[in-house]
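Reading through the structure tokens given below for one structure.
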Amino acid sequence: MTRRTAFAMAAGTVTGSLVINTATAAADAPAPGRPVAAGANPVLRTALITQVTPRNNWRVTAVAIRYAAPIDIRGGVIPPSAFQVTADLGGQSAARTVTRVYPNIVARTDDLSDAGRPGRYLVIELDPDDANAQAAGTDPLPLHRAYTVRQVADVRTPGGDVVLAAGPLAIRNDDVITPVVDDFTAGSFTDSTGFELAFRLYQPEGFVRSPGAAARYPLVVTLHGGGEVADNNMTQLTANRVAVTFAKPERQRRHPAFVLAPQIPLPRPMDGPDGTDWTDPKVRAALVELIDAFTTRRPVDADRLYLVGLSSGARGIFNLLPRRPHTFAAALATAGWGDPSTMDGITHIPMWTDHSIDDPVVPYREGRFGKPGTWTLMNALESAGARVTRGEWANDLPKAEFEARSRALLNRARRAGSHVLFTSYAPGTTPVSPHFAWAQTYENDVVIDWLFDQSR
């Protein structure tokens with residue numbers, strides 16, 4: 001459960017939003033003194049559970065209903081057909097596909113096949129591949145009270161006892177829970193010229209518990225792609241997992257760190273010579289000031305600042321590193337492009353880059369706006385004296401095999417004394433779009449462990 005979820009669900013006396021058929025509600029009300037019917041269990045709160053996925057962006061993946069009393073189905077299974085879920089978005093109303101239903105002790109999905117621990121929450125899982133599963137377009141969709149849930153059949157124990165009775169009342173969601181994303185605070189920074197950058201910030205649990213302690217933490221700065229330029233201070237977290245993956249609990253247990261995710265505002269700054277955003281002089285100057293201000297106001301280990309970016313964010317990395325060659329300990333750059341003539345100034349910086357060979361948006365060799373892609377940049381880096389260790393494999397391999405290939409590449413780099421690694425993905429193997437080379441990058445424990453091992 002996220003910190004935000006804990007606060008929200010602590011308010012258990014708040015009544016869930018109801019869609020009521022008033023003609024039948026009075027008839028269903030018990031007469032004074034009449035015993036409550038079997039299966040009566042009032043709904044207190046309803047929340048959507050959303051997820052930032054590696055390939056399909058931000059999706060609504062479940063509904064969690066909080067009831068007044070625990071739900072115990074005594075080993076039984078709740079059929080998905082017992083509940084109907086409808087999404088009302090953009091003036092369109094369409095059903096969502098229910099895939100699993102089970103009780104839980106928290107408002108969270110359960111990956112176990114035998115999910116069903118007795119608890120006050122009923123979790124209704126939804127098919128994330130539904131056409132109307134999206135939680136955002138260019139901006140986040142208005143999800144509060146956008147979903148309607150109807151129970152159309154009694155929920156019974158294997159012995160036939162009614163646990164939750166079907167009825168004419170439908171409920172709408174009051175809340176939206178996005179695990180990990182909800183743990184980022186929102187803020188903004190105005191630089192010395194008056195230019196403002198919005199940002200989201202994850203703060204490690206150790207710092208939150210003891211902000212005055214002597215411990216110092218790494219800082220991961222994530223640079224979003226061009227599609228996330230906006231004024232919502234959200235989609236730099238939810239359009240892909242570039243920031244979220246560094247804040248997820250299992251990653252923070254292994255590598256506690258601050259995660260800083262700025263967002264470039266609208267109207268889109270495009271003053272840079274190659275028409276990108278992080279290279280725009282106003283944006284770049286504000287970003288540098290933000291990083292400098294943050295590192296002086298939080299217990300950041302100045303020797304462990306990391307830059308991570310995708311697409312135009314990777315372009316930002318290749319543009320910023322030559323200007324600040326002694327600031328960052330390492331960088332991860334995916335599907336980027338840049339200026340080969342500047343590579344001689346960053347041969348000392350550890351980097352792991354990757355790119356799909358058939359990328360049509362940022363071509364692997366040619367790049368964009370007259371600035372070459374990753375393949376050409378790595379050649380220039382090698383010509384400048386860096387030892388580049390290269391590997392090529394499919395981008396749709398299972399996680400274990402993908403990481404095994406990464407580990408073999410890393411071992412080869414270490415044997416060769418190389419601190420620059422370059423992964424190319426074979427044509428036709430990057431799902432959804434060949435440009436989305438980053439889908440497995442930030443889930444790759446080998447790459448992330450390597451990043452946090454680097455120190456200035």
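Predicted, not measured: the structure shown is a model, and the values here were computed from it.
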>> Determine whether M351 and F422 satisfy the following criterion, side-chain contact (heavy atoms from CB on, under 4.5 Å), listing intermediate values before the conclusion.
In response: CA-CA 8 Å; M351 280 188 282; F422 175 33; over 6 Å; no
>> Apply side-chain hydrogen bond (donor to acceptor under 3.5 Å, both in side chains) to residues Y306 and R304 and explain how you reach the verdict.
In response: CA-CA 6 Å; Y306 306 114; R304 301 184 69 200; 3.0 Å; yes
> For the side chain of N173 and the backbone of L143, is there at least one donor-acceptor N/O pair under 3.5 Å apart?
Replying inline: yes
> Has the side chain of D191 got a donor or acceptor atom that lies under 3.5 Å from a matching backbone atom of G194?
Replying inline: yes
> Does the pair R324/D292 count as a salt bridge with the N-to-O cut at 4.0 Å?
Replying inline: yes
> In this structure, which one of I71, V149, T46, V63 forms a side chain to side chain contact (heavy atoms under 4.5 Å, CB included) with L122?
Replying inline: I71
>> Do the side chains of R45 and D175 get close enough for a salt bridge, i.e. N-O under 4.0 angstrom?
In response: yes
>> Please determine whether side-chain hydrogen bond (donor to acceptor under 3.5 Å, both in side chains) holds for the pair T279 and N319, giving the CA-CA distance in whole Å, both sets of side-chain angles, and the decisive distance to 0.1 Å.
In response: CA-CA 6 Å; T279 63; N319 184 261; 5.3 Å; no
> So, does T185 use its side chain to make a donor-acceptor pair with the main chain of L201 at under 3.5 Å?
Replying inline: yes
>> Looking at Q92, I want to see if its CD is surrounded by more than 12 non-hydrogen atoms of other residues, nucleotides or ligands under 6.0 Å.
In response: no
>> Parallel, tilted or perpendicular: which one describes the rings of Y442 and F246, with boundaries at 30° and 60°?
In response: tilted
>> Check this for me: does any side-chain nitrogen of one of R390 and E382 sit under 4.0 Å from a carboxylate oxygen of the other?
In response: yes
>> Taking side chain to side chain donor-acceptor pair (under 3.5 Å) as the criterion, tell me which of D231, T238, N232 meets it with T235.
In response: N232
> Is the shortest side-chain N to carboxylate O distance from D110 to R117 below 4.0 Å?
Replying inline: yes
>> Looking at R456 and D303, is any side-chain nitrogen of the basic one under 4.0 Å from a carboxylate oxygen of the acidic one?
In response: yes
> Do D449 and R254 sit within salt-bridge range, that is, some charged N less than 4.0 Å from a carboxylate O?
Replying inline: yes
>> Between the side chains of R241 and E443, is the shortest nitrogen-to-carboxylate-oxygen separation below 4.0 Å, so that they form an ion pair?
In response: yes
>> Looking at K371 and D274, is any side-chain nitrogen of the basic one under 4.0 Å from a carboxylate oxygen of the acidic one?
In response: no
> Is any side-chain N of the basic residue among R268 and D280 closer than 4.0 Å to the acidic one's carboxylate O?
Replying inline: no
>> Salt bridge check, K399 against E403: does any charged N sit closer than 4.0 Å to a carboxylate O?
In response: yes
> Hey, would you say the H348 and H326 ring centroids sit under 6.0 Å apart?
Replying inline: yes
> Between F294 and F258, does the ring centre distance come in under 6.0 Å?
Replying inline: yes
> Any Lys/Arg nitrogen of D88 or R172 sitting under 4.0 Å from an Asp/Glu carboxylate oxygen of the other?
Replying inline: yes
